[in-house]
Amino acid sequence: MITHLSSLWLVASVAAPVLAVLLLAVRPWRHAVMRATPLAALPALALALAGPIGAELSLPWLLQHTLLELDLVGRVFLGFTSALYVASGWYARGYLVKDANAVRFHLFFLLAMTGNFGLILAGDIPTFYTAFALMGLASAGLVFHRGDADARRAGRIYLGLAMVGEVLIMSGFVFLAVAGGTTEIADLHRQVFSLPALLLLLAGFGIKAGALSLHFWLPLAHPAAPVPASAVLSGAMIKAGLLGWIRFLPLGEATMPGCGFTLISAGLGAAFLGTFVGVAQKNPKAVLAYSSISQMGIIMTGLGIGALRPEAWLEIQAAVLIYATHHALAKGSLFLGVGPAHAARTRGQRLVAGAGLLLPALALAGAPFTSGALAKTALKTNVAFLPEGWAVALGILLPLAAAGTMLKMTRFLWLAWPRPGQATESSARGLWLPWLGLVVAMLVGVWLLPGALEVLPKKLSAEKLWDALWPLLVGGALAALAAGLRRRFTADLDRWLPAGDFGVFLEKFLARVGLLLPADAGSHHAHDHEGQPAETDSRWAAALAAIGARLAAAESSLRSSPVGGALLLLLIGLLLFLLAITGT
Amino acid sequence: MNIHGLLLLGILLSSLLTGVIIFFLREQSHRLRTWLNLLGAGLKLILVAALLWGIYHGQGYTLAFDFLPGIQFALGADANSVLFVALSSFLWFWTTLYAVGYLEDSPHRSRFFGFFSLCVTATTGIALSANLVTFLVFYELLTISTYPLVVHRGTPEAMRGGKIYLVYTLAGGTVLLLAVVWLHHLAGPVMFKERGVIQALVATHRGELQILFLLFMLGIGVKAAIVPLHGWLPKAMVAPAPVSSLLHAVAVVKAGAFGIVRIVYDVYGVENAAKLGVLPPLAIAAAVTIVYGSTLALFQDELKKRLAFSTVSQVSYIVLGVAILGPAAAIGGLIHLVHQGVMKITLFFGAGNYAETLGIHRVSEMNGVGRRMPLTTAAFTVAALGMIGVPPLAGYITKWYLKKGAITAGDEWVAVVLAVSSLLNAAYFLPILYRAWFLSPPKTWPQEHSFGKWETHWMLLTAPLVTAALVIWAGVFAESPYSPLAWVKLIVAREYGP
């Protein structure tokens, strides 16, 4: 009976958003379904909070033998993910109240939700991949949603990289399945792990997780999406890449020096690059996106430690889970807070909004007694597992990264702080509750995690307190310094360090050499209808048209019938000759 | 011959007789012609279902008589032929319905539907041929009966497309004829048989068999549109939409792909072909075709032309699967016979609907078309995503098995080709979907027809919705017993099994 109930629960978690999508198709019910969107994430939240570990359900007739299961890792991921979807779905009710395309937004939001829950509960490779791809495609719809030039550019780059990621991951999965002889995640024989699978999955999930050098879509896409979508993109979906690594890399089973080195150095690189470029941004959402890159970098460093020290993996995993939860809830809170803080009118509102921004920002920076301090302590204790050289280096670099986070958070607070007289006519009705609800979830959520309370005593000593505090002070001092120099140096910083950093330069370079395919290869034929903005940069179009013309010329010379016919006749003659000489 | 063999004759006659009668109908007898068409297609579907049931339960079907001294006209059905005949008769039914709606009030409908039926008869014959000579006869019949359909509109462009089609396919047919005669000399009458019929010759006639294989591939490769023999296909897209569906999904290109399957599996035998070393070159040709077709598709603004180059690319997935040794790749190749069919026919139905309802022929005219025709565009979207290989749609299943087969066989480069192809597919399909759903529609469409309550004529709407549902079904329930994949696994078990 209990097993029946728990498998029903598993199905309900994924089926609830699917059902909502189907109901959305019924025109008279649309409005009600949109209002009820946050409810679609409730079964998953309930499953995460109270579901039995080890619940599983096999559906052999579906996909390639679908298996759904709830394990410890899945439970933690499902917890913060569903909390974010509840809050964002609720927030969207107010945020999109005047949006003409609200139905489309909800469609993609619910599909992304389905995919996100599905990949967390998936017990087999094809189901994971299906859910992952669904989430990737649906979230592109969210990035495109606003439809202005920024959103279109961000959407194009996002969709392109998401497709590349999916193709890499699928190839990696097939390698994995062939090497492992099965598609069930729990049964993969990771001892025979294939190198191509490792590389493909590292890169493929790296795109989703915003790993260094594959990250540049992220500071474009996250700010371009509507706020509730940014919150789930930056809080929940980015973690799908992390989950992919935890699920499919042979962590805890094999020592992988190369993989560990890659993860640690890319992680630290991302942490510092995120700070460097992030503080130059003028859009508070772009600062947050860069902060996500930094934070994911720090989590990657944790995974890298796991790749070097398989025997300590379970402890490291606990730390990674704490960190992921903390970041998801804090980052989600900050994104949701941007709107209400901007629209705060009264003194009281400004006070609440300020507190609502300050708390998660301090948590991210790792101030004492916050979830961030817990997460950082949990991670730092694992540095001890590393060989001495590594341990020393990380012991210096991780606090510096924390100082960088403080710097970014100061920058963010500076940009987003509620000031009297700035409130526009846009109302923030219905945004406050979901936002503050998520802030509360952030304050308590992380302490519910397994192992969280065991870390606690370790950080209560005075020395540990100081450890947590000095990066903040350094970051704060740097911020103060920067504010003092602001007029002279920082006014134009974001021109030199634009959102999308090296992707922007890549984009320019590719466009110059004519290798970049614009969003629509066919659109340069000047058949666009009047009133439609031209979609491609004319330089791209010209370069592309040149390539197209060359190919078309080659193609038509191939195709013209005399040549084709003559070729074949020639062949036939040759054959007759061969027939004759072989004498059969 | 056995009494069950008459079923095969029935399957052939169900479309042949329909076609012949329709030729003699007056142009105005619209209702009678429509009923005849649907009756023939429905009857065929029922007979094929009976055949499927029989084959599944191990019943044998043969029908043979001498039509020249020493040369037999032989029909037969094995799991392989059932795959093709079931696909083509199923899609034919919906194409017929679609064509009736599409050609409403246009001239020469009796001629059109007459040849339409003959074309499907020939395709059925190709599927049910039990030996090479019979195969050849139907193969040529297909060439000839399709020509009037390609040039149906009679415009100069159509005539030119038709001429190019004829030159290519007749030349291919000639090469095929040569190959058949030569093999007849070497091996005597060649009946199709699982694991091939040339085992005895592999050691003694190695060189000749290699050249023969090349000839077969050149002859059949024209219809299968392998680069550089593909030139006719993008030109032939001047034909009306139902004919394009027929060319790309049901009959002509499929006949080519099926022919290659027959030659490799049932004439040579895949293990013999591997011993002769002829499979790697075939795999390379297929890979080149896949990438070349996708690349050119990127640059086509004309929707049907983009789809045509997409076909060039996709059909070679089948060839690629056949050319890689091992059951997984074989499954991937054979299943794509079905998957490519249902996906591509959906896309062409969609293209036809846009042209017929709104006068849209170009990708750049498709802005906001999703709002005006949501159902058609939904079907089109499903098929396009399937082509890219997005799970859980049909194309993903194909790619999964092809990649698995390639990696198992140690041909990792094939996985790279497939990955590149997926990205190219995404690059030429996703912008279309973006335009259709996200951009706002123009004030007026190029040439709009109103069809009352629905977004277009109900006959034009039903067909793509049914085939799109099949694209979803074939992927979501792939590993259930009621999927095309289950049948393909049966075939492969017979080819590779103990």
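- More than 12 heavy-atom neighbours from other residues, nucleotides or ligands sit within 6.0 angstrom of NZ on Lys489(B).
- Side chains of Leu62(A) and Glu479(B) form no contact here, defined as non-hydrogen atoms less than 4.5 Å apart.
- Comparing Ser171(A), Ala140(A), Pro60(A), Gly136(A) by how many heavy-atom pairs each has under 4.5 Å with chain B, the most go to Ser171(A).
- In this structure, no portion of Leu170(B) lies under 4.5 Å from any heavy atom of chain A.
- Looking at Ala426(B), the atoms closer than 4.5 Å to chain A (heavy atoms on both sides) all sit in the side chain, from C-beta outward.
- In terms of heavy-atom pairs under 4.5 Å with chain A, the best-connected choice from Ser480(B), Pro392(B), Gly475(B) is Pro392(B).
- There is no contact between Leu485(B) and chain A, counting heavy-atom distances below 4.5 Å.
- Nearest heavy atom pair, residue Leu430(B) against residue Met163(A), reads CD1-CG, 3.8 Å.
- Trp437(B) and Arg104(A) get closest at one heavy-atom pair: O-NH1, 3.8 Å.
- Residues Gln64(A) and Trp400(B) have side chains in contact (heavy-atom distance under 4.5 Å, counting atoms from C-beta outward).
- Looking at every heavy atom in both residues, Val167(A) comes nearest to Lys403(B) through O-NZ, 4.1 Å.
- Contact check for Tyr396(B) versus Pro126(A): side-chain heavy atoms found under the 4.5 Å cut-off.
- Residue with the most contacts toward chain A among Phe477(B), Phe438(B), Tyr428(B), Tyr482(B): Phe438(B) (heavy-atom pairs, distance under 4.5 Å).
- The aromatic rings of Tyr434(B) and Phe144(A) are tilted relative to each other, their planes meeting at an angle between 30° and 60°.
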